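Below is one structure; the comments refer to it alone.
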Amino acid sequence: MLVDFDYFFAQCEEGRNPLIRDKPVVVCVYSGRTEDSGAVSTANYVAREYGVKSGMPIFLAKKKLANVDAVFLPVDRDLYEEVSFNIMSVLKTYADLFEQVGIDEAYLDVTERAHGSFEEARRLAEKMMDEVKSREKISISIGVGPNKLVAKIAADFKKPNGLTLVKPEQTQDFLAPLPVNRLLGVGKKTNEIMKSLGVKTIGDLVRFDVKKLTGVFGEKLGAYFHDAAFGLDDSPVKERGEAESISRISTLKEDTRDLTVIMNTIKAHCEDIYMSLGQKGLRFKTVSVVAVMKPLSIRSRSKTFESSLTHLEMLENVAEELFRRLIDETNLEIRRAGVKVSGFSKEPDQQKHLSDF
DNA sequence: GTATGCTTTCGGC
DNA sequence: TTACGGCCGAAAGCATAC
């Protein structure tokens with residue numbers, strides 16, 4: 001099954017201040033460039049009634065909520081991480097196998113403890129919804145299916161506070177009428193391509209020739225889309241370890257191509273990442289920089305070393321070199337700038353010396 | 001031909 | 001009038017080694 005926390009950030013804010021519950025609540029990432037520049041992270045369902053959506057520019061959300069008693073709040077990640085941790089702890093007690101995905105989602109394999117029965121799985125899901133609600137005051141939505149792919153789509157079917165079961169024999173009929181972009185991996189661009197192929201629903205995809213599909217999307221993705229249309233997925237629910245990359249990105253005060261200006265911001269990000277690495281005891285082999293250009297297109301450059309990097313100065317120097325290259329290879333101005341490290345290895349334990357004793 | 005590694009882009013939340 | 005975040009992982013595309 002897939003568990004999804006309903007309008008999570010906004011629901012956390014409602015929990016902290018129940019007085020706002022009946023108003024539109026919009027949780028925002030303010031970029032700091034101007035008063036209202038930034039994007040909507042999450043909105044509660046009252047705000048959604050007015051057409052407010054995740055990813056929308058804040059000014060647009062304000063426009064839609066003009067003359068309404070709405071609440072706009074900045075994201076408070078620390079709060080959401082704490083609530084998330086508490087909920088995840090509860091969910092884990094219901095699962096044979098557990099896989100957290102991001103801050104507000106988790107897959108649970110309950111095959112064994114439900115003895116393969118969907119009715120038993122339903123009872124588990126209902127109990128879990130009650131327990132999370134009473135302990136953390138957060139409503140969740142759950143999809144139960146024969147595999148992760150179907151569970152994920154089922155969870156989306158009814159929310160908030162929804163529970164949707166899709167048994168194996170119901171899978172085809174359940175999926176067929178749904179728009180193809182419900183499938184993981186079909187975003188805006190892929191959806192456009194699908195549309196040009198005459199594929200609007202998952203049912204259309206079922207009838208589409210697999211050879212043509214791999215011709216358009218490549219061997220692996222084409223085969224995946226074909227299987228997905230039939231509700232086929234054998235990927236296991238797997239515990240995830242630590243993150244494989246750490247990145248920081250922010251919006252610049254103004255668009256620029258000036259390396260010195262960009263490095264001011266980037267150095268702060270490097271320090272932040274470096275501190276985080278230190279806490280986790282990690283070294284890294286790969287440095288990437290990413291730039292969001294004025295027209296919101298994205299460019300990135302990266303460099304991988306044979307052995308791990310250790311010093312903050314090295315990280316900063318490599319990032320600067322990569323940005324120099326990136327700027328060199330475009331005429332566009334840069335709006336947002338970020339840096340990412342990956343290719344982690346564990347820092348070797350401090351060698352103990354006799355003199356330490 | 002296959003395996004592997006690196007860079008870049010895409011998509012989800 | 002224009003206006004728009006900050007993360008993460010997956011996979012395509014390419015190069016290289018054997």
Side-chain angles (χ1 to χ4, degrees), chain A residues 2 4-10 26-43 52-64 74-75 77 80-81 84 99-106 152-153 155-156 159 181-194 214 216-225 235 238 240-252 255 265 269 272-273 276 285-306 322 325-326 329-330 335-343:
Chain A
L2 178 92
D4 188 293
F5 308 171
D6 298 325
Y7 63 103
F8 184 52
F9 293 0
V26 186
V27 179
C28 303
V29 184
Y30 292 99
S31 73
R33 179 173 277 207
T34 62
E35 168 95 0
D36 283 340
S37 75
V40 172
S41 183
T42 321
V52 176
K53 291 194 176 111
S54 293
M56 175 181 275
I58 295 168
F59 76 87
L60 209 63
K62 293 217 162 164
K63 202 158 123 187
K64 288 183 180 291
V75 289
R77 267 203 106 78
Y80 316 145
E81 272 169 18
S84 171
E99 178 177 357
Q100 181 172 343
V101 184
I103 195 169
D104 68 348
E105 254 185 59
K152 166 87 178 160
I153 298 172
D156 243 7
K159 49 172 46 172
N181 63 10
R182 293 291 188 90
L183 294 176
L184 214 58
V186 183
K188 197 165 157 242
K189 301 214 170 180
T190 308
N191 200 35
E192 283 305 309
I193 300 172
M194 291 280 187
T214 51
V216 176
F217 294 107
E219 210 61 50
K220 195 153 183 175
L221 201 55
Y224 160 73
F225 285 145
S235 63
K238 209 166 103 220
R240 296 201 187 185
E242 294 293 294
E244 288 166 20
S245 67
I246 299 177
S247 62
R248 294 289 183 274
I249 185 169
S250 63
T251 303
L252 300 167
D255 300 344
T265 297
H269 288 327
D272 195 22
I273 288 173
S276 178
K285 262 178 29 183
T286 303
V287 179
S288 314
V289 300
V290 57
V292 177
M293 318 307 287
K294 190 169 182 166
L296 300 184
S297 55
I298 299 170
R299 303 287 171 88
S300 66
R301 294 290 179 269
S302 70
K303 185 173 167 73
T304 300
F305 294 84
E306 284 194 8
L322 289 169
R325 254 181 62 200
L326 194 152
E329 291 167 22
T330 178
R335 177 182 179 87
R336 298 163 62 199
V339 58
K340 170 172 96 168
V341 298
S342 54

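Chain A is the first sequence line, chain B the second, and so forth, proteins listed ahead of strands; every chain is numbered from 1. None of these values were measured; they are calculated from a predicted model.
Remark: P of B:dG12 and CD of A:E105 are 11 Å apart, rounded to the nearest angstrom. For the pair A:E306 CD and B:dG5 P, the computed distance is 13 Å after rounding to whole Å. The interatomic distance linking A:L60 (CG) with C:dT1 (C1') rounds to 14 Å, in whole Å. Rounded to a whole Å, the NZ atom of A:K303 is 18 Å from the P atom of B:dG5. Atom-to-atom, CE of A:M293 to P of C:dC4 comes out at 16 Å; the value is rounded to the nearest Å. Taking atom CG of A:D36 as the reference point, atom P of C:dG5 lies 12 Å away to the nearest angstrom. The distance from atom CD1 of A:I298 to atom C1' of C:dG5 is 11 Å, rounded to the nearest whole Å. Atom CG in A:N181 sits roughly 12 Å away from atom C1' in B:dG11 (whole-Å rounding).
A salt bridge links A:E99 with A:R240: the distance from a Lys NZ or Arg NE/NH1/NH2 to an Asp or Glu carboxylate oxygen falls below 4.0 Å.
Nearest nucleotide to the side chain of A:T286, out of B:dT7, B:dT9, C:dG6: B:dT7. Among the nucleotides C:dG5, C:dC4, B:dC6, the one closest to any side-chain atom of A:K285 is B:dC6. Checking B:dT9, C:dA10, C:dG5 against the side-chain heavy atoms of A:S300 singles out B:dT9 as nearest. Comparing atom distances between the A:S41 side chain and each of C:dA3, B:dT9, C:dG5 picks out C:dG5 as nearest.
Looking at heavy-atom distances under 4.0 Å, A:K63 makes contact with a base. Nucleic acid contact for A:T251: sugar-phosphate only, since backbone atoms but no base atoms lie under 4.0 Å from a heavy atom of the residue. Across all strands shown, A:G55 has heavy atoms under 4.0 Å from base atoms, whether or not it also approaches the sugar-phosphate. Contact annotation for A:G38: backbone-only contact, meaning every heavy-atom pair under 4.0 Å involves sugar-phosphate atoms and none involves a base.
If you find the closest nucleotide of DNA chain C to A:L296 and to A:H269, the one lying nearer the 5' end belongs to A:L296.
Summarising the geometry, atom CD1 belonging to A:I58 is positioned 5.0 Å from atom OH belonging to A:Y30; distances are rounded to the nearest 0.5 Å.
Within a 6.0 Å radius of CD in A:E242, no more than 12 heavy atoms belonging to other residues, nucleotides or ligands are found.
Across every non-hydrogen atom of A:I249 and A:H269, the tightest pair is C-NE2, 3.8 Å.
For the pair A:S288 and B:dT8, the criterion of a side-chain N or O lying under 4.0 Å from OP1 or OP2 is not met. Dashed line: the shortest gap from a side-chain N or O of A:T304 to OP1 or OP2 of B:dT7 is under 4.0 Å. A close approach under 4.0 Å does occur between a side-chain nitrogen or oxygen of A:S245 and OP1 or OP2 of C:dG9. Distances shorter than 4.0 Å separate none of the side-chain N or O atoms of A:R299 from OP1 or OP2 on B:dT7. At least one side-chain nitrogen or oxygen of A:R325 sits closer than 4.0 Å to the OP1 or OP2 atom of B:dT8. In this model, the phosphate group of C:dG6 is not approached by any side-chain N or O of A:R248 to a distance below 4.0 Å at OP1 or OP2. Note on A:S247: a side-chain N or O is less than 4.0 Å away from OP1 or OP2 of C:dC8. Residue A:R336 places at least one side-chain N or O closer than 4.0 Å to OP1 or OP2 of C:dG6.
Taking the C1' atom of each, B:dG11 and C:dG5 are spaced 15 Å apart, rounded to whole Å.
A heavy-atom distance below 4.5 Å is not found between the side chains of A:E306 and A:K285.
For the pair A:K303 and A:F305, the cation-pi criterion (under 6.0 Å, within 45° of the ring axis) is fulfilled.
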